[in-house]
Amino acid sequence: MSLLSRSVRALAPFALLAPLLAPVAAQAQGAATCTIQASPGEDVPKYARPDDPWIFRGTDIPIDDEWLMGELPNGVRYAVRENGVPPCQASFRVAIDAGSLNEEDSERGFAHLLEHMTFRQSRDFGPGEAIPYFQRLGASLGADTNASTGPTQTVYKLDLPNANRAKLSDSVRLFAGMIEAPTLSSDNLAADLPIVLAEMRDGAGANRRIGEVTQSTFFAGQRLSQRNPIGTLETLQGATQESVRAFHQRWYRPENAVVVLVADADPQVLAALIEREFSDWKVPGQPAAAPDFGDPIAPANALPGADGVPVGEAAVIVEPGQARAVNYAIMRPWVQVTDNIEYNRGVLLKQLAAGIVNRRLENRARAGGHYLYAQVSRQKVARSVDGTYVSLAPLDDNWEAALADVRSVIADALAQPPSQAEIDRVVADFDISFVNGVEQARIQAGSQLADTLVGAVEIREAVASPQTFLDVFRSMKDRFTPDRLLEATRDLFEGDVVRAVMLTPQTGEATAEQLREALAAPVEASSVARDDGSTINFADLPAIGEPAPPVQRAELGVFDTEALAFENGVRAMLFSRDNEPGRVTVRVRFGAGWRGFEDGEAAYAQLGQVALINSGIGPLGQNDLDKLASGRKLGFQFRIEDGTFVFEGATRQEDLADQLYLFAAKLAMPSWDEAPLARAKASMRLAYDSYGADPSGVINRDLDWLLRDRDPRFATADPDEIAAVTPEQFRAVWERLLAQGPVEVDVFGDIDREATVAALSRTFGALAPRPALPPEVANRTVSFPEANAEPLVLTHNGDADQAAAVIAWPTGGGSAGLPESRKLDLLGRIFSIRLLDNLRERMGAAYSPIVNSTWPKDVDTGGMIFALVQIEPSQIPGFFEEAQAIAADLAANGPTADELERVVEPVKQYVSRAQTGHTFWLNQLEGATFDPQRLMALNTLWSDFSEATPEEIRALAERYLVSHGGFKVAVMPASASPSAGR
């Protein structure tokens with residue numbers, strides 16, 4: 001049989017499936033529109049000020065008139081906007097202008113504690129009723145219903161799907177009751193305090209200690225230095241209903257509140273709704289004055305800095321197992337700015353300057369610098385400092401050489417202007433980013449718009465449309481000169497004091513005084529990292545091969561999705577929709593994935609995920625690829641899945657042909673630059689010791705390997721195994737893997753179909769025919785460990801009160817089981833609700849237990865349900881008992897109707913929202929050109945969730961959770977356990 005006839009025969013079933021699949025999109029889509037229209041005489045806001053929006057006062061930034069803003073007599077400010085992305089969703093935010101910096105010494109942690117208690121009980125919700133209520137409306141916990149506490153702001157969030165007028169009105173009313181009148185009782189304090197303490201414990205350990213020392217050093221003398229939102233054990237345990245109520249009354253006031261509502265509704269409806277629910281909010285007494293956050297001031301013992309900025313506080317943190325890092329900052333006082341166009345031009349110039357410095361730092365690292373990476377960024381932090389931060393990771397214990405390398409690159413940037421070629425390159429990248437923002441403005445999600453406005457309120461600045469950003473940027477063309485960029489660079493590195501923190505795993509490696517002296521020492525400017533100004537064009541690159549058009553094109557029946565077959569065996573799938581202008585995703589699926597590795601090749605898999613792409617194509621190395629991408633929207637991500645390798649990039653139609661060339665060239669003419677491999681090896685060696693520093697590190701290192709029955713392909717390579725990898729061996733392994741097996745190219749988004757077919761013909765159609773996977777590779781499976789009565793015990797070297805536990809059950813895999821996998825997902829979600837209710841809400845033993853169900857589509861084994869928790873060591877037996885009791889009860893009795901509703905409705909709403917984007921359909925259809933079963937499974941996508949019954953879930957729990965018994969792992973502190981299981 002010829003290659004041509006094989007291709008035609010394989011695609012033949014698609015034509016037969018088309019009529020069957022035609023209803024799929026409509027089936028999943030649900031309501032096509034639900035825009036809430038204003039009712040004459042009813043939806044009339046009294047306090048909206050379209051001609052005087054409060055956030056634009058005092059600025060010449062063009063008013064974004066899609067926002068409707070108003071101020072209530074009690075002081076509440078609001079902003080509303082109509083947005084139908086995704087359709088029918090409402091994004092509601094209430095921002096309170098108070099966070100951990102507003103706490104007194106005895107109240108540390110109260111702002112965050114109050115966030116928890118607000119959800120516990122309130123004017124209209126009984127104890128524990130809020131989260132289940134919103135789940136029944138389709139809002140999932142965490143993703144759609146959440147809150148966050150920072151130093152200067154506490155934000156409450158609700159993303160409500162399928163928000164008709166009644167649901168939206170009720171939700172805003174209920175949320176208003178939560179904010180204005182939470183039930184701050186002793187009973188609720190007693191219920192929430194253990195949860196907050198569990199959250200504190202989960203975040204403890206080396207990372208917490210590092211963060212606290214960094215915070216106290218960088219912000220020395222300021223309120224921020226001693227104000228972590230989690231608080232302290234002493235102040236939290238000392239909280240009473242009276243003290244928490246006092247904090248609420250002092251700061252939860254209408255004058256401190258901004259309400260944002262972005263929804264698929266007329267703005268008049270939204271404004272009237274907010275006015276109705278928030279106008280009666282009154283708090284007795286006068287508003288409290290915000291505390292003075294302080295300014296960064298150089299200490300009396302500051303050293304004279306080589307660049308004129310005194311070197312002040314420094315700290316050296318010793319944490320065994322942690323990778324070395326040096327961070328320093330040039331601190332300036334935070335100043336309330338006039339957020340006008342000229343101010344933003346200055347900000348953009350400094351961003352361009354930082355971009356040029358960062359390119360040079362990366363060039364120096366690639367060319368053999370003493371550091372793994374380094375980066376410069378400007379950040380305004382918590383209305384406390386305006387800082388320029390420099391971070392670097394030394395390659396070894398010679399941190400002085402790494403710091404000197406970084407400072408020498410910065411010194412050169414301060415001494416001499418950049419070349420016009422460097423400027424043009426970074427300007428081109430900024431411009432393409434702003435153009436992309438304009439192209440996608442009409443599909444920006446309402447949740448993003450709401451978050452952007454809340455963020456602007458926090459930093460005391462305005463908002464601007466993407467078109468305004470682009471116009472302002474392009475109006476600066478005459479400022480993009482070497483002299484102006486030199487001035488902007490110097491502004492970045494001017495300040496009042498330099499402060500620094502070094503992290504090291506070894507005692508005695510450095511002192512704070514040595515770190516200060518190294519930063520104060522003169523440094524010689526080095527120009528070796530400057531861009532040479534050369535350019536590379538796609539037109540000059542070698543052709544992939546002889547162009548070849550597809551030999552067959554067939555409609556798949558899902559929208560206008562089309563399958564293509566090329567004579568060389570490559571398949572492609574095109575999905576063209578213009579509802580996401582400027583967005584195109586290219587996904588290339590090829591080869592065997594994890595099946596392709598031999599038992600001794602774990603290190604090559606891990607290194608390949610970092611170094612394979614950067615090793616280049618054809619005559620081009622990593623730096624050349626960067627030049628090639630300048631001014632284009634290209635992506636080059638790589639990952640390994642159970643049964644396939646994946647290249648993926650986000651691009652646009654204008655750059656799609658170049659994106660396809662990059663991917664095809666990586667298969668046809670891979671290059672093997674040794675520098676990225678050496679850098680990846682250094683990174684992995686530095687990271688390895690940190691895996692044992694806490695329970696999550698041990699889980700990240702060992703869990704995949706253990707849950708695949710200690711399959712050596714999934715073991716995390718240790719430093720000796722990493723060091724043993726040579727460039728020649730790396731090339732041999734990856735040349736074999738890149739050449740194996742079938743190729744499918746999926747191009748989804750806003751595309752010109754015929755231009756895309758032509759580009760595919762020149763690239764993937766021009767590849768040489770690829771051999772099939774060897775049978776021993778194609779049929780390679782993974783195993784799951786036997787159930788164990790006693791958990792396997794691993795140890796970590798961190799804090800004695802930290803532990804983790806996992807229990808897992810095997811399920812299956814393969815496209816034929818996709819309908820079952822969806823119901824297993826519901827089982828996992830129900831399990832999660834029960835575990836959360838019992839461990840967190842009832843026992844206060846764990847902050848955020850996780851339950852997940854996985855089901856690989858490309859292979860028939862490897863799926864599982866697992867539950868993971870971070871918990872105190874003494875409570876690990878209780879976790880296993882609780883998990884197995886839940887499993888047994890679900891197998892015997894199934895879920896309640898209410899439990900099923902609480903998980904089904906969020907999934908249905910997710911499908912309804914997500915299916916408006918092309919990546920949803922890409923995830924559903926990928927692989928379908930070789931596996932038509934995926935198309936068949938799409939027919940039941942909606943009903944598998946919406947029509948699931950408690951009995952079906954019970955039967956799955958009996959089949960999978962009880963029949964195996966579960967494989968258990970406990971990660972204990974080394975001081976509490978004599979044995980390790982690796």
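For the pair E744 and R571, the salt-bridge criterion is not met [side-chain N within less than 4.0 Å of a carboxylate O]. With respect to the salt-bridge test (charged N to carboxylate O, under 4.0 angstrom), the residues E926 and R587 qualify.
Between Y156 and F92 the shortest side-chain heavy-atom distance does not fall below 4.5 Å. Contact check for V859 versus W594: no side-chain heavy atoms found under the 4.5 Å cut-off. F278 places a side-chain heavy atom less than 4.5 Å from the side chain of V259. Using a 4.5 Å heavy-atom threshold, the side chains of F575 and E562 count as separate. R834 has its side chain out of reach of E882: every pair of non-hydrogen atoms, C-beta onward, lies at least 4.5 Å apart.
Taking CZ of R652 as the reference point, atom OG1 of T585 lies at 14.5 Å (rounded to 0.5 Å).
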Could you please spell out the steps behind the salt bridge (Lys or Arg N to Asp or Glu O under 4.0 Å) verdict for R120 and D192? CA-CA 8 Å; R120 171 67 56 183; D192 273 311; 3.1 Å; yes

Show the numbers, then the answer: is there a salt bridge (Lys or Arg N to Asp or Glu O under 4.0 Å) between K167 and D170? CA-CA 5 Å; K167 288 181 181 179; D170 278 348; over 6 Å; no

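Judged as a salt bridge (Lys or Arg N to Asp or Glu O under 4.0 Å), not a single pair has a partner in residues 806-815 (not counting sequence neighbours).
Between L449 and Q444, the closest heavy-atom pair is CD2-OE1, 3.4 Å.
Remark: R577 is positioned above the aromatic ring of F559, its terminal NZ or CZ atom under 6.0 angstrom from the ring centre and at most 45 degrees off the axis.
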For residues 805-812, please give each side-chain donor-acceptor pair under 3.5 Å, one per line with the distance, not counting sequence neighbours.
unit_1	atom_1	unit_2	atom_2	d
W809	NE1	L961	O	3.0
T811	OG1	G863	O	3.2
T811	OG1	M864	N	3.0

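With a 6.0 Å radius and a threshold of 12 heavy atoms from other residues, nucleotides or ligands, F784 has its CZ atom above the threshold.
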